[in-house]
Protein chains: 2
Amino acid sequence: MQRLGRPLLNQASRGFATQSPRYYAASKEVKFTAENYPNAKRDSRFAQLTLDDVNHFKSILSSPSSVLYGQDDTSELQGFNTDWVRKYRGQSQLVLKPKTVEQVSEIMKHCSERNLAVVPQGGNTGLVGGSVPVFDEIVISLSAMNKIRSFDEVSGALVCDAGVILESADSYLRERNHIFPLDLGAKGSCHVGGNVATNAGGLRLLRYGSLHGTVLGIEAVLPDGTILHDLQTLRKNNTGFDLKQVFIGSEGTIGIITGISILCPRRSNAVHTAYFGLQSFDNVKKAFIKAKKDLGEILSAFELMDGLTQDTYHTATGKPYPLAERYPFHILIETSGSNAEHDMAKLEAFLEQVMGEEIVADGTLAQDKTQADELWKWREGLPEACAHWGGTYKYDVSIPLDEFYTLVEDTKKRLEDAGVVGGTTDESKPVVGVVGWGHMGDSNLHLNVPVRRYDKGVEGLLEPWVYEWIQKRKGSISAEHGLGFAKRDYVHYSRDPTSLELMRRVKKTFDPQGIMNP
Amino acid sequence: MQRLGRPLLNQASRGFATQSPRYYAASKEVKFTAENYPNAKRDSRFAQLTLDDVNHFKSILSSPSSVLYGQDDTSELQGFNTDWVRKYRGQSQLVLKPKTVEQVSEIMKHCSERNLAVVPQGGNTGLVGGSVPVFDEIVISLSAMNKIRSFDEVSGALVCDAGVILESADSYLRERNHIFPLDLGAKGSCHVGGNVATNAGGLRLLRYGSLHGTVLGIEAVLPDGTILHDLQTLRKNNTGFDLKQVFIGSEGTIGIITGISILCPRRSNAVHTAYFGLQSFDNVKKAFIKAKKDLGEILSAFELMDGLTQDTYHTATGKPYPLAERYPFHILIETSGSNAEHDMAKLEAFLEQVMGEEIVADGTLAQDKTQADELWKWREGLPEACAHWGGTYKYDVSIPLDEFYTLVEDTKKRLEDAGVVGGTTDESKPVVGVVGWGHMGDSNLHLNVPVRRYDKGVEGLLEPWVYEWIQKRKGSISAEHGLGFAKRDYVHYSRDPTSLELMRRVKKTFDPQGIMNP
């Protein structure tokens, strides 16, 4: 076998520009969700907000900047009413920004007494319309609860407010030789409390597991204002039902998470990032199996991006491609270990195999943190790049690896056959293209359909067709993004009637009035 | 720094005998729980078992060997009525051994209609009286549901019946280059379903995390006979509440787990096991911090055993000590990695430091699997060794590392001051000694008080004193063993009233009649 060293790989330093992004050209007004989805009806049992309510909330929160209220949908309120993908827009007139768990408790006590519906909101980076109001629900923003409460360097247990931004938590931990066990593209805006409430998956799940395993405890306010104090910092506590597990992924429907404690792994001394081009999905699978075997315990990411995603990113940002040629598939591999020399030896053995056997066609290995960050942008920048033309239909699904990429191909064919795909040039067609990327290591595909405008005809071609496709493969219609408003009517494609009935009962147990994120 | 290589360590091969164990001398009759704890009352709403019921169950199960029924407590029934530590004994007259989930469903449908109380039972290796009846509850044994259903070598997802023995599952996986993500001393008898129902922690938690992170799905029968089909094999599914999480650690109180799917890690190519003697607990802590740093991602176990535990094992088994000298503390370290050369280099760097800085006093490194297994017995054999004199008061607790071992010292002092400790020689005293071992990596201490006989006076000295001690340190009174019968009245020491009220509501949601493991 021929030994292929680093000199045979392109260097990531080649030609990376640092220009500012050109996304978000579109700024046209987002339609009200209630108008877009006339079948969704406001529950008439909920009370209407009065000036007395607003004054009561002002007396609880004391600081004027903690209460945003407007009879009209002012621009400041609009940010809290509109979701990140500009697909959903609520009509809330009131945003509350409590600073303490006691304030959240007082707010909920009043809402419960008055039967006022609420929506808890973190960084509002969700992709399924779960963090914005549908009608006039009161938005409870956790943004003012943003303090680190404690960190134990021996055990790795971090305790912090729910409103701490993920990237801030990670930076705080890095200074103390640890990292947050979760990482995702929206880290600069999303809140750790929102991450827990939605059971966010992200880029480190392959290595550090899900939040169900790493979250040690939560502090939460129940719909009636009762505070659940469960901020444990110990790794094991088998005393009765593990209630925090119900809150992880509950999407704000049973209470408001105000604080979390979480087990944080030590920061790895050595991190290596490599980016490859491959000729077929079959080769991607082969590379994945080899990576699991050869890189073993140091493999921390295995991300798939198809060729069109990279073209999309290139078009949206103007950045030069990392590799000289174009390929139908790309993978981004990251290793994290305690010994750079050992890790590089493992990575080289892996490269030798996958290049020697022509599983990968070309690749580049980042030489430093800056180059690694640039390579990661070709994966992490994809949601924004797809939004470049106006909007994106997004499907975040789990599919067994054998048919992992087939969904993208089948969707492309379906839309092309219907004549709605115009590429980047034909502006008369609503759909720009069909692209796929995802966390290969977790069987988690992000199917994205970038569009010039949201279009009922395109939506009708995609839904429920995509969900039926998934159901036939026993996949999940929501791998890591949650149900939100977007998929709440489709949950039966991934859950049986018994599960759904139990969910209804659990919801009623925690929120008998149904005022939480209705 | 002087380089200390393997030649300076004792070799584990020295003097390990393979004699058969001498435990379990005691075989005196176990008292009925109902007599021992007269405050526990049978719920009069439950029906009494009739011959019609028994005949109905016989018609469901068809095979005569699937129904054990006796008006008298026959010896075969006694095995299902008595727990492993010989502390609890129920009076059930009926044991059912269904072979399929449909049979379990039919059984529960009848029990629900007739209001008959049941106790699901796995391998009956629990230590807190959770798997045996207290009164006349029907025992539903999962032992006849013991099939592997499927295994996917690419994803690592194993699907199997609840009654598969842990060691069988692990052996099956090892042949396929994987391992079960859980390991514990009782692996030869315990069931994987019981492991999930009790959220067992064990020896691999440090590396592979808790079952809340690794279990992918469950199949369970609800108290009314409804079957919950949720045997997913994909890693991510954020469609509504993660109901399986409520079953993990529910101890048979909301339904019967009949099948599980679980994510299994690849088997490590290289496993190294080392055993050390240390002069102080302070040195144990130092060694732990160094191990986390130097061994990083390959550290798979860090177990603490105090000096008296090793003496106890030596006395109970007659085996020669692994080290020439005696030490007040011992640790057992295991590494698991993909590259033996790299792992050994990391281990040697670690040894160089801890021996050079005199953090550890002496140590031995297993040269092969047989030697490693022998070293592990000095940790895994402790529960049996402690039971050697008749019984053991067992406390499985989480405590912050700073005061981790103080509980053992304080307990020893308390019992010695009360004059009840007789050591191995003074047979007039009920208590043999006070020993401690545990999963240092998880802050999880096993405080054990081996006794010649269970004694209300000793129990009164220990409880609730131990629980109060834990509560003051914000620890958990049940780290990994669960509540069972033993601790159900003490749960308030580790949970606040809000949590307890929510638990009551959750229990009622799933089991409105209260017939599951009452």
Side-chain angles (χ1 to χ4, degrees), chain A residues 154-155 198-199 201 209-210 212-213 226-230 234-243 245-246 248-250 266 268 289 292-294 296-298 337-339 342 345-346 398 400-401 442-444 475-483 491 494-496 498-499 502-503 505-506 509, chain B residues 154-155 198-199 201 209-210 212-213 226-230 234-243 245-246 248-250 266 268 289 292-294 296-298 337-339 342 345-346 398 400-401 442-444 475-483 491 494-496 498-499 502-503 505-506 509:
Chain A
V154 176
S155 69
T198 56
N199 189 28
S210 87
H212 285 289
T226 310
I227 301 172
L228 177 67
H229 294 285
D230 189 27
L234 292 164
R235 194 157 179 185
K236 292 178 173 179
N237 186 358
N238 272 357
T239 48
F241 303 125
D242 196 351
L243 294 170
Q245 301 290 351
V246 187
I248 300 173
S250 64
R266 276 189 74 86
S268 296
I289 291 167
K292 288 223 297 181
K293 190 169 158 288
D294 293 348
E297 65 277 4
I298 61 167
S338 56
N339 185 309
H342 293 167
K346 289 187 177 94
S398 286
L401 283 184
D442 315 319
S443 283
N444 180 187
S476 167
I477 65 157
S478 180
E480 60 175 12
H481 292 169
L483 294 171
V491 57
S494 286
R495 297 287 186 187
D496 73 334
T498 304
S499 296
L502 283 176
M503 285 183 203
R505 284 197 238 158
V506 168
T509 300
Chain B
V154 177
S155 69
T198 56
N199 188 29
S210 88
H212 285 288
T226 310
I227 301 172
L228 177 67
H229 294 285
D230 188 27
L234 292 165
R235 195 157 179 183
K236 293 179 174 179
N237 187 358
N238 273 357
T239 49
F241 303 124
D242 196 351
L243 294 170
Q245 300 291 351
V246 187
I248 300 172
S250 64
R266 275 188 76 86
S268 296
I289 290 168
K292 288 224 298 182
K293 188 168 160 289
D294 293 349
E297 66 276 5
I298 61 167
S338 57
N339 185 309
H342 292 168
K346 289 187 178 95
S398 287
L401 283 185
D442 314 318
S443 284
N444 180 189
S476 166
I477 65 156
S478 180
E480 61 175 11
H481 292 169
L483 294 171
V491 57
S494 286
R495 296 288 186 188
D496 74 335
T498 305
S499 297
L502 283 175
M503 286 184 203
R505 285 197 237 158
V506 168
T509 301

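Order of the sequence lines fixes the chain letters, A, B, ..., with proteins taken first and strands second; residue numbering starts at 1 for each chain. Heavy-atom basis, side chains included; hydrogens, waters and symmetry copies ignored.
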Visitor: Can you tell me which of B/A479, B/S398, B/P400 forms the most heavy-atom pairs within a distance under 4.5 Å of chain A?
Guide: B/A479
Visitor: Heavy-atom cut-off 4.5 Å, strictly under: side chain, backbone, both or neither for A/T198 against chain B?
Guide: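 Contact with chain B: backbone only.
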Visitor: Give the member of B/G240, B/S155, B/G201 that has the highest number of heavy-atom pairs under 4.5 Å with chain A.
Guide: B/G240
Visitor: How far apart are the closest heavy atoms of B/L243 and A/S499, and which atoms are they?
Guide: CD1-O, 3.5 Å
Visitor: Count the heavy-atom pairs under 4.5 Å between each of B/D294, B/I248, B/L234, B/V246 and chain A, then report the option with the highest count.
Guide: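 Ranked by contacts with chain A, first place is B/L234.
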Visitor: What part of A/R495 gets closer than 4.5 Å to chain B, counting heavy atoms only: side chain, backbone, both or neither?
Guide: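 Only the side chain of A/R495 comes within 4.5 Å of chain B.
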Visitor: What's the separation between atom CG in A/N199 and atom CG in B/N238, rounded to the nearest 0.5 Å?
Guide: 4.5 Å
Visitor: For B/D242 and A/H212, run side-chain hydrogen bond (donor to acceptor under 3.5 Å, both in side chains): C-alpha distance rounded to whole Å, both residues' side-chain angles, the deciding distance at 0.1 Å, then the answer.
Guide: CA-CA 9 Å; B/D242 196 351; A/H212 285 289; 3.2 Å; yes
Visitor: Measure A/D496 against the heavy atoms of chain B and call it side chain, backbone, both or neither at under 4.5 Å.
Guide: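 The answer is the side chain of A/D496.
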Visitor: What part of A/D442 lies closer than 4.5 angstrom to a heavy atom of chain B: side chain, backbone, both or neither?
Guide: both
Visitor: Go through it in stages, so that I can follow the logic: the residues are B/T226 and A/T498, the test is side-chain hydrogen bond (donor to acceptor under 3.5 Å, both in side chains), and I'd like the CA-CA distance, side-chain angles, deciding distance and then a yes or no.
Guide: CA-CA 8 Å; B/T226 310; A/T498 304; 5.8 Å; no
Visitor: Return the minimal non-hydrogen interatomic distance between B/N339 and A/K346, and the atom names on each side.
Guide: CB-CE, 3.8 Å
Visitor: Take B/S268 and A/E297 through the test side-chain hydrogen bond (donor to acceptor under 3.5 Å, both in side chains) and record every step on the way to the result.
Guide: CA-CA 9 Å; B/S268 296; A/E297 65 277 4; 5.6 Å; no
Visitor: What's the spacing between A/S210 OG and B/N237 CG if we round to 0.5 Å?
Guide: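 These two atoms lie 12.0 Å from each other.
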Visitor: For A/V154, is it the side chain, the backbone, both, or neither that has a heavy atom closer than 4.5 Å to a heavy atom of chain B?
Guide: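 Contact with chain B involves both backbone and side-chain atoms of A/V154.
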Visitor: Is chain B contacted by the side chain of A/N444, its backbone, both, or neither, given a heavy-atom distance below 4.5 Å?
Guide: side chain
Visitor: Out of A/R266, A/H342, A/M503, A/Q245, return the one with the most heavy atom pairs under 4.5 angstrom to chain B.
Guide: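 Ranked by contacts with chain B, first place is A/H342.
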Visitor: Side chain from CB out, backbone as N, CA, C, O: work out which of these in A/L228 comes under 4.5 Å of a heavy atom of chain B, or both, or neither.
Guide: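 Both parts, backbone and side chain.
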Visitor: Does a side-chain heavy-atom distance below 4.5 Å link B/R235 with A/S443?
Guide: no
Visitor: When heavy-atom pairs shorter than 4.5 Å are enumerated against chain B, which of A/G475, A/G337, A/S478, A/S494 gives the highest number?
Guide: A/S478
